[in-house]
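Any value given below was found using the heavy atoms of this structure, including those in side chains, with hydrogens, waters and symmetry copies removed. To find a chain, count down the sequence lines: A is the first, B the second, and so on, and within it residues start at 1. Keep in mind that this is a model prediction, so the values were computed, not measured.
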Number of protein chains: 2
Amino acid sequence: MPEDERLPQPATADIDLVTVLHALGDPVRMTLLLSYADGAEHSCAPRDLGLEHLHKSTVSHHMRVLREAGVTTTRVAGRNRFVSLRRTDLDARFPGLLDALLAAAPAASA
Amino acid sequence: MPEDERLPQPATADIDLVTVLHALGDPVRMTLLLSYADGAEHSCAPRDLGLEHLHKSTVSHHMRVLREAGVTTTRVAGRNRFVSLRRTDLDARFPGLLDALLAAAPAASA
DNA sequence: CCTAGTGTTTGACGAGCATCAAACTGTTGC
DNA sequence: GCAACAGTTTGATGCTCGTCAAACACTAGG
């Protein structure tokens, strides 16, 4: 058991701003971003993400969009996948953007 | 000649983050944002915006999306419309977001 | 007036997207 | 092995979006 695999994701230098904004320009994926903002790893279960109303395949689709945009990373461990924010990579590529988004998002829904 | 009219736009408090990100999650509208980043007013002519390849009705559509999202404001003066960034409003609603976006966008296309 | 200029609106079309359901892959544990 | 589990993939459906073209509205200048 060397180390867990990761699902394919763009290199930090290849993260595209418009693609990231497009990925976050959806209420479900913004909800996911806020869930991931704690820096921890999260499973893909809709009930763990406040998305009980969505089918698991729909959630899987949204997580794929976030991962392919470079927003999240997915670690494969057995039959579970653990998703987390690529905070370091995003901060390096777009300094201040993630902080501004995370500060703005709760205010927007309040 | 009292004062020029403005096209309808959301109040500052009604600007929605996801709507803004959705508006900016398109390459054409990101180009427009960068044009507007100088703080000046711009006409709607595609050739003034580096969008010669697009039909004027398409540009008009994109500018409507930006205005309805709360990103820009449009002043009507005679047969011209002058579009500019709502920088003060955006900074008040989402502090740091616009600065981060404008800093990130050129780096992304470089 | 009449014409030219600036920009919007409408209609149409193709592409993409969000969603669900069902089938499928791989894993854990009995 | 086998059944339960976690998540993905595929197919289908309806909706949204980006684009163009043509028609329209309004203004400015002769």
Side-chain angles (χ1 to χ4, degrees), chain A residues 1-2 4-9 16 18-33 35-36 41-69 71-84, chain B residues 1-2 4-9 16 18-33 35-36 41-69 71-84:
Chain A
M1 188 204 73
D4 295 333
E5 287 183 12
R6 286 193 179 269
L7 263 40
Q9 64 184 36
D16 177 62
V18 172
T19 303
V20 168
L21 296 182
H22 178 263
L24 298 180
D26 175 277
V28 171
R29 292 192 290 263
M30 179 57 69
T31 299
L32 289 172
L33 177 75
S35 295
Y36 300 150
E41 292 184 318
H42 293 76
S43 85
C44 302
R47 66 182 171 286
D48 295 347
L49 299 162
L51 298 174
E52 301 85 353
H53 55 107
L54 289 180
H55 199 274
K56 61 178 180 174
S57 64
T58 302
V59 175
S60 180
H61 159 71
H62 285 301
M63 294 198 301
R64 192 209 307 222
V65 172
L66 287 175
R67 175 170 44 81
E68 292 182 342
V71 176
T72 59
T73 186
T74 301
R75 181 171 62 90
V76 179
R79 66 184 172 190
N80 298 307
R81 278 101 198 271
F82 294 105
V83 180
S84 56
Chain B
M1 188 203 78
D4 296 334
E5 285 183 14
R6 286 191 180 268
L7 263 41
Q9 65 184 36
D16 177 63
V18 172
T19 303
V20 168
L21 297 181
H22 179 262
L24 265 24
D26 175 276
V28 172
R29 292 191 290 264
M30 180 58 69
T31 300
L32 288 173
L33 178 74
S35 297
Y36 299 150
E41 292 186 315
H42 293 75
S43 86
C44 302
R47 67 183 171 287
D48 295 345
L49 299 161
L51 299 173
E52 301 86 353
H53 55 106
L54 288 180
H55 199 276
K56 60 178 180 172
S57 64
T58 302
V59 174
S60 180
H61 159 70
H62 285 301
M63 292 198 301
R64 186 191 341 201
V65 172
L66 288 174
R67 175 169 44 81
E68 292 183 342
V71 176
T72 59
T73 185
T74 301
R75 180 172 63 90
V76 178
R79 66 184 171 192
N80 298 305
R81 278 101 199 272
F82 293 106
V83 180
S84 56

*Asks:* May I have the distance from A/Glu41 (atom CD) to D/dG7 (atom C1'), rounded to whole angstrom?
*Replies:* 16 Å

*Asks:* OP1 or OP2 of C/dC20 versus the side-chain N and O atoms of A/Thr58: is any pair under 4.0 Å?
*Replies:*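 For A/Thr58, the contact criterion (side-chain N or O under 4.0 Å from OP1 or OP2 of C/dC20) is met.
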
*Asks:* In whole angstrom, what separates B/Leu51's CG from C/dG7's P?
*Replies:*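 So the two atoms are 13 Å apart, to the nearest Å.
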
*Asks:* Looking at the side chain of A/Met63, which of D/dA21, D/dT8, C/dG7 is the nearest nucleotide?
*Replies:*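 Of all the options, the side chain of A/Met63 is nearest to D/dT8.
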
*Asks:* Check whether any side-chain nitrogen or oxygen of A/His62 sits under 4.0 Å from OP1 or OP2 of C/dT19, and answer yes or no.
*Replies:* yes

*Asks:* Kindly point out which of D/dT8, D/dT9, C/dG7 is positioned nearest to the side chain of B/Lys56?
*Replies:* C/dG7

*Asks:* Return the nearest nucleotide to the side chain of B/Leu7; candidates are D/dT19, C/dT27, C/dT8.
*Replies:*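 The listed nucleotide nearest to B/Leu7's side chain is C/dT8.
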
*Asks:* Nearest of D/dT19, C/dT8, C/dG7 to any side-chain atom of B/Ser60?
*Replies:*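 Selected nucleotide: C/dT8.
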
*Asks:* Taking CZ from B/Arg47 and C1' from C/dG7, how many angstroms apart are they, rounded to a whole number?
*Replies:*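 It is 12 Å, rounded to the nearest whole Å.
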
*Asks:* Could you pick out which residue, A/Ser57 or A/Asn80, lies toward the 5' side of DNA chain D when each is mapped onto its nearest nucleotide?
*Replies:*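 It is A/Asn80 whose nearest nucleotide is closer to the 5' end.
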
*Asks:* Would one find a side-chain N or O of B/Arg64 under 4.0 angstrom from OP1 or OP2 of C/dG7?
*Replies:* no

*Asks:* Between the base of D/dA6 and the side chain of A/Ser43, is there any donor-acceptor pair under 3.5 Å?
*Replies:* no

*Asks:* I want to check something: taking the side chain as every heavy atom from C-beta on, are A/Arg81 and A/Leu7 in contact at a cut-off of under 4.5 Å?
*Replies:*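 Side chain of A/Arg81 against side chain of A/Leu7, heavy atoms only: contact under 4.5 Å found.
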
*Asks:* Measure CD/B/Glu5 against P/C/dG7 and give the value in whole Å, please.
*Replies:*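 To the nearest whole Å, that distance equals 16 Å.
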
*Asks:* Taking B/Arg29 for the side chain and B/Ala23 for the main chain, is one N or O donor matched with an acceptor at less than 3.5 Å?
*Replies:* yes

*Asks:* Given atom CG of A/Asp26 and atom P of D/dT16, what is their separation to the nearest angstrom?
*Replies:* 13 Å

*Asks:* Counting side-chain heavy atoms from CB outward, which of D/dA28, D/dC5, C/dA18 is closest to B/Arg79?
*Replies:* D/dA28

*Asks:* A/Glu68 CD to C/dA18 P: how many Å, rounded?
*Replies:*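 Interatomic distance, CD of A/Glu68 to P of C/dA18: 12 Å.
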
*Asks:* Measuring to OP1 and OP2 of C/dA18, would you say a side-chain N or O of A/His61 lies under 4.0 angstrom away?
*Replies:*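 Indeed, a polar side-chain atom of A/His61 lies that close.
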
*Asks:* Quick check against the 3.5 Å criterion: does B/Thr31 have a side-chain atom that pairs as donor or acceptor with the backbone of B/Pro27?
*Replies:*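 It does hold such a pair.
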
*Asks:* Roughly how many Å is it from CD in A/Glu52 to P in C/dT19, rounded to a whole number?
*Replies:*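 Roughly 14 Å, once rounded to whole Å.
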
*Asks:* So, OP1 or OP2 of C/dT6: does either fall under 4.0 Å of a side-chain N or O from B/Arg81?
*Replies:* no

*Asks:* Starting at atom CZ of B/Arg67, determine the distance to atom C1' of C/dT9, rounded to an integer number of angstrom.
*Replies:* 12 Å

*Asks:* Kindly say whether B/Ser35 contributes a backbone atom to a donor-acceptor pair with the side chain of B/His42 at under 3.5 angstrom?
*Replies:* yes

*Asks:* Can you check whether B/Val28's main-chain N or O pairs, donor with acceptor, with B/His62's side chain at less than 3.5 Å?
*Replies:* no

